[in-house]
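What follows is a set of notes on a single structure, which appears directly below.
Chain A is the first sequence line, chain B the second, and so forth, proteins listed ahead of strands; every chain is numbered from 1. Quick caveat, the model's predicted, so the values are computed rather than measured.
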Amino acid sequence: MLFYKIQVNFHHLSIHLNSLNEQEIFMRYSQYFLPTLKETPADAEVISHQLMLRSGMIRKVAAGIYSYLPFGLRSLRKMEQIIREEMDRAGAIECLMPMANPAELWQESGRWEKYGKELLRFKDRKSADFCMGPTHEEVITDIIRNTVSSYRQLPLNLYQIQTKFRDEIRPRFGLMRGREFVMKDAYSFDLDDAGADSSYAKMYQAYRNIFNRCGLNFRSVEADSGAIGGNFSHEFMVLAESGEDGIVSCDSCEYAANVEKAEIAYGDVETPAATLELHKVATPGQKTIEEVAVFLQLSPQQLVKTLIVQTSADEILAVLLRGDRELNMIKLTNLLDVDWVLLAEDDVVKQTTGAPTGFAGPIGLKIRVIADTEVKGLADFVVGGNAIDVHFTGANQERDFQISQFSDLRQAVAGDPCSRCDGGKFEKWRGIEVGHIFKLGVKYSEAMNATVLDADGKTRPLVMGCYGIGAGRTVAAAIEQNHDENGMILPMPLAPFQVLVTMLNPKDDLVREAAEKLYQQLLDLNIEVLLDDRNERPGIKFKDADLIGIPLRVTVGARNLKEGNVELKIRKGGTMSMFSLDEITPQLQQLVDAGLAFEPGK
RNA sequence: CGGGAUGUGGCGCAGUUUGGUAGCGCACUUGACUGGGGGUCAAGGGGCCGGAGGUUCAAAUCCUCUCAUCCCGACCA
């Protein structure tokens, strides 16, 4: 009996599978898995995170760790596919490396010690050390050094789209800064600098193509190469108010840079003659620049602040900046050629200056004093007195204290003069870093002994570049840039579906038949269509439609169907128009094609 | 890692001050009505209050520890 039952069930199953095609199953809202939320989850702060949760794209599993639900996965896959196509077009070749990396490789490059706590380490059953790969220079270099031994095999650019793990200090904002995230990373190998530059240029162009194809408003900016190391780099920034990075671009030339890097033009700075005597003034309890300025009835620009810093080379030194300026730690780190620079702890400040934090000044200091170039043009300013509740007025360099070096050390602000052209001024933006490309040089190849023989039979280290794109972050950034109060408005190339057909009343035979027919026509045209065939009230369907932000929405309702019409609403901008059942399909086809249009290389 | 906050059905929250054995809205199930912007009515199901320990006749509520999550900071003297 049991056998018989199984047979019957199996028989039914095979009939079932044969009679439905895949699209029939998956593109009907009533059968799909799209759990939308009416209310915003309490722990989502930024709009992309809120909307991705509400629209059923993602769900949180742990801090900085998310599951992609089907709807979100569709967007992610589209992003990946755009990346893949442009990488392939640029001559890169796809591969896939493991998440679990053996410690030996990381010890060899020196990063097992250097990378810090972001590197998630663990042991296997034999107690061997491993880490989750946060990036793959080590693994790829190991592959290349064992397989490439001649310059004839170059150039080579390998990439993968793979899940990374970085145990971030503070994951936040949903997919914007997750611990586990999908990243495209590529690594180029060339015989010499010129070759590496050419590989870099190809990637630069590929990246521009990728973000253009995504329909994003972005800037490519010069950036600091940071912990990854190397010679120079560019970041690709999607412009959005919620961005974690500040960037500047010149209003008259092509220069654009991360504020961390942005070079300011100082021109020829002359030190004005001193006109005031040095005076010691009591400033009880006035510690910050703001407090001192108010207390002395001066503007912050008339003060010079003295920052006591400690470096990885164990030096303690003083850095001077105009009172209203901010120190750029990265410029300072690069100037001093050290691994890191930190503001000194309070007790170090006290030991060095003899006063608690807030009263440091350059006069009488025994340590090296360096200054932002702007300070060179200042005279008769206020500085800390190196004693509690004391400042000096009328302070002047040369006369009262010595500065051993001037350099561009401050954070660029809007309106600063551009260092690359005459008369250009910086504009300031906020951006989300979605891509970053580096020319690495020989840092890893030398550390890991990855060499080839050149045409003269000489051994040379490979010249490398590495190139990353945060796939999930780019989707999130697209939402940050494209949404309104009702939900997201994804650009066509990243939208999970291209067209939503809203069947208003499924119980109305005419409506149902018209919607079904349209749905079928769109499927036949390979348009990605979601049919909202749920037995829900119109309000629910419209709210969900706005929330999930499919670019094109066709509403099939009894009212317009009487005249043989359906309504088309463009999610972006909200324009509505009426089309007959015959006209709508070619119209949609045209809009879909237009939304996907992109000419690479521009 | 420092500071702040929060953990109560799937989601949003109340209840904690003043201990008395868990409630509201949404969602969900069933039925009916309704059908162009989160509709109405009726009847239901679901949590032992993040976890552990303690105080007490009695703990979501008080105490201790712990875990988790979110925000700010970790450069601006």
Side-chain angles (χ1 to χ4, degrees), chain A residues 35-46 49-50 53-54 56 59-65 116-117 169-174 259-260 283 286-293 300 303-311 318-333 340-346 348-350 352-353 355-362 372 382-386 388 391 409-411 413 486-487 502-508 511-512 534-547 553 555-562 566-567 569 574 576:
Chain A
T36 57
L37 301 173
K38 199 172 194 172
E39 286 175 282
T40 304
D43 54 10
E45 191 76 8
V46 296
H49 188 200
Q50 294 174 354
L53 288 168
R54 287 191 57 206
R59 284 293 185 270
K60 186 174 73 183
V61 177
I65 300 177
K117 286 192 172 176
I169 305 171
R170 184 146 94 88
R172 59 184 141 179
F173 304 153
V259 286
E260 293 176 346
T283 49
Q286 312 299 311
K287 295 166 81 165
T288 66
I289 289 292
E290 200 55 41
E291 286 165 2
V292 174
L303 277 62
V304 166
K305 62 177 157 191
T306 305
L307 280 58
I308 307 298
V309 300
Q310 282 175 290
T311 75
V319 180
L320 305 186
L321 293 168
R322 200 173 83 181
D324 58 328
R325 302 303 194 186
E326 296 181 7
L327 174 62
N328 183 322
M329 283 300 216
I330 290 175
K331 288 180 181 176
L332 181 60
T333 305
W340 49 260
V341 174
L342 287 174
L343 280 194
E345 302 284 337
D346 287 353
V348 175
V349 172
K350 189 151 192 185
T352 310
T353 67
T357 300
F359 300 99
D372 178 53
V382 174
V383 294
N386 293 330
I388 187 160
H391 280 78
L409 290 175
R410 70 177 173 88
Q411 201 86 273
V413 296
N486 296 316
T502 301
M503 179 196 287
L504 273 190
N505 184 357
K507 289 181 181 162
D508 182 323
V511 168
R512 198 181 61 249
R534 292 175 300 167
N535 189 18
E536 294 287 357
R537 309 252 326 165
I540 290 177
K541 294 187 172 185
F542 290 139
K543 286 290 184 190
D544 274 336
D546 287 345
L547 176 62
R553 182 181 97 199
T555 303
V556 182
R559 206 170 66 191
N560 294 316
L561 210 53
K562 270 186 235 158
V566 293
E567 182 187 284
K569 183 175 177 186
M576 297 215 223

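A gap of 32 Å separates the C1' atoms of B:rC49 and B:rC41, to the nearest Å. Rounded to whole Å, the separation between the P atoms of B:rC24 and B:rG9 comes to 15 Å. Between the C1' atoms of B:rU16 and B:rC11, the separation comes to 22 Å (whole Å). A gap of 14 Å separates the C1' atoms of B:rA27 and B:rG44, to the nearest Å. Separating the P atom of B:rG19 from that of B:rG3 is a span of 31 Å, rounded to the nearest Å. Here the separation of B:rG23 from B:rC48, taken at their C1' atoms, is 13 Å to the nearest Å. Nucleotides B:rU8 and B:rA14, compared at atom P, are 11 Å apart to the nearest Å. A gap of 23 Å separates the P atoms of B:rG12 and B:rG38, to the nearest Å.
Residues satisfying the side-chain hydrogen bond (donor to acceptor under 3.5 Å, both in side chains) test with A:D43, not counting sequence neighbours, are A:K60. With sequence neighbours excluded, the residues forming a side-chain hydrogen bond (donor to acceptor under 3.5 Å, both in side chains) with A:R322 are A:D324, A:E374, listed by chain and number. A:K331 meets the salt bridge (charged side-chain N to carboxylate O under 4.0 Å, His left out) test with A:D408; sequence neighbours excluded. Every residue two or more places apart in sequence or in another chain that forms a side-chain contact (heavy atoms from CB on, under 4.5 Å) with A:E291 is listed here: A:Q286, A:K287, A:T288. With sequence neighbours excluded, no residue satisfies salt bridge (charged side-chain N to carboxylate O under 4.0 Å, His left out) with A:R170. Looking at residues two or more places apart in sequence or on another chain, you find a side-chain contact (heavy atoms from CB on, under 4.5 Å) between A:N560 and A:N565, A:E567, A:M578. Residues meeting the salt bridge (charged side-chain N to carboxylate O under 4.0 Å, His left out) test with A:R172, sequence neighbours left out: A:E244. Every residue two or more places apart in sequence or in another chain was checked for a side-chain hydrogen bond (donor to acceptor under 3.5 Å, both in side chains) with A:K543, and none qualifies. Listed by chain and number, the residues in a salt bridge (charged side-chain N to carboxylate O under 4.0 Å, His left out) with A:K350 amount to none (sequence neighbours excluded).
To the nearest angstrom, P of B:rG35 lies 17 Å from CG of A:N560. Rounded to an integer number of Å, the gap from A:N535 CG to B:rA27 P is 15 Å. When the C1' atom of B:rG12 is taken as reference, atom CG of A:D43 falls 12 Å away, rounded to whole Å. At whole-Å resolution of the value, CG in A:D508 and P in B:rG36 are 11 Å apart. Between the NZ atom of A:K60 and the P atom of B:rU69 there is a distance of 7 Å, given to the nearest Å.
In a base pair of the Watson-Crick type (N1 to N3 plus N6-O4 or O6-N4) or a G-U wobble (N1-O2 and O6-N3), with each distance short of 3.5 Å, B:rG45 is matched with no nucleotide. Base pairing analysis places B:rG12 opposite B:rC24; the two distances defining the Watson-Crick or G-U wobble pair are each below 3.5 Å. Under the Watson-Crick or G-U wobble criterion, with both distances below 3.5 Å, B:rU55 has no partner in any strand shown. Under the Watson-Crick or G-U wobble criterion, with both distances below 3.5 Å, B:rC33 is paired with B:rG39. Across the strands present, B:rC1 finds its partner in B:rG73; the criterion is a Watson-Crick or G-U wobble pair with both atom distances under 3.5 angstrom.
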For nucleotides 72-77 of chain B, just jot down a letter per nucleotide in 5' to 3' order: B, S or -, based on protein non-hydrogen atoms under 4.0 Å.
BBBBBB
Can you give one letter per nucleotide of nucleotides 37-47 of chain B, going 5' to 3': B for a protein heavy atom under 4.0 Å from the base, S for sugar-phosphate only, - for none?
BBB--------
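A donor-acceptor pair is defined here as one N or O able to donate and one able to accept, closer than 3.5 Å; such a pair exists between the side chain of A:Q50 and the backbone of A:A44. In this structure, the side chain of A:R59 engages the main chain of A:L53 through a donor-acceptor pair within 3.5 Å. Looking at A:D372, its side chain does come within 3.5 Å of a backbone N or O of A:L409 through a donor-acceptor pair. Counting only distance, with no hydrogens or angles, the side chain of A:N535 and the backbone of A:P506 share no donor-acceptor pair below 3.5 Å.
Below the 3.5 angstrom threshold, one finds a donor paired with an acceptor across the side chain of A:E39 and the base of B:rG25.
Nearest-nucleotide mapping onto RNA chain B: of A:K117 and A:P41, the residue sitting toward the 5' end is A:K117.
Looking at heavy-atom distances under 4.0 Å, A:T40 makes contact with sugar-phosphate atoms alone, never a base.
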For nucleotides 29-31 of chain B, which of its nitrogen or oxygen atoms have a protein nitrogen or oxygen under 3.5 Å away, and what is each distance?
none

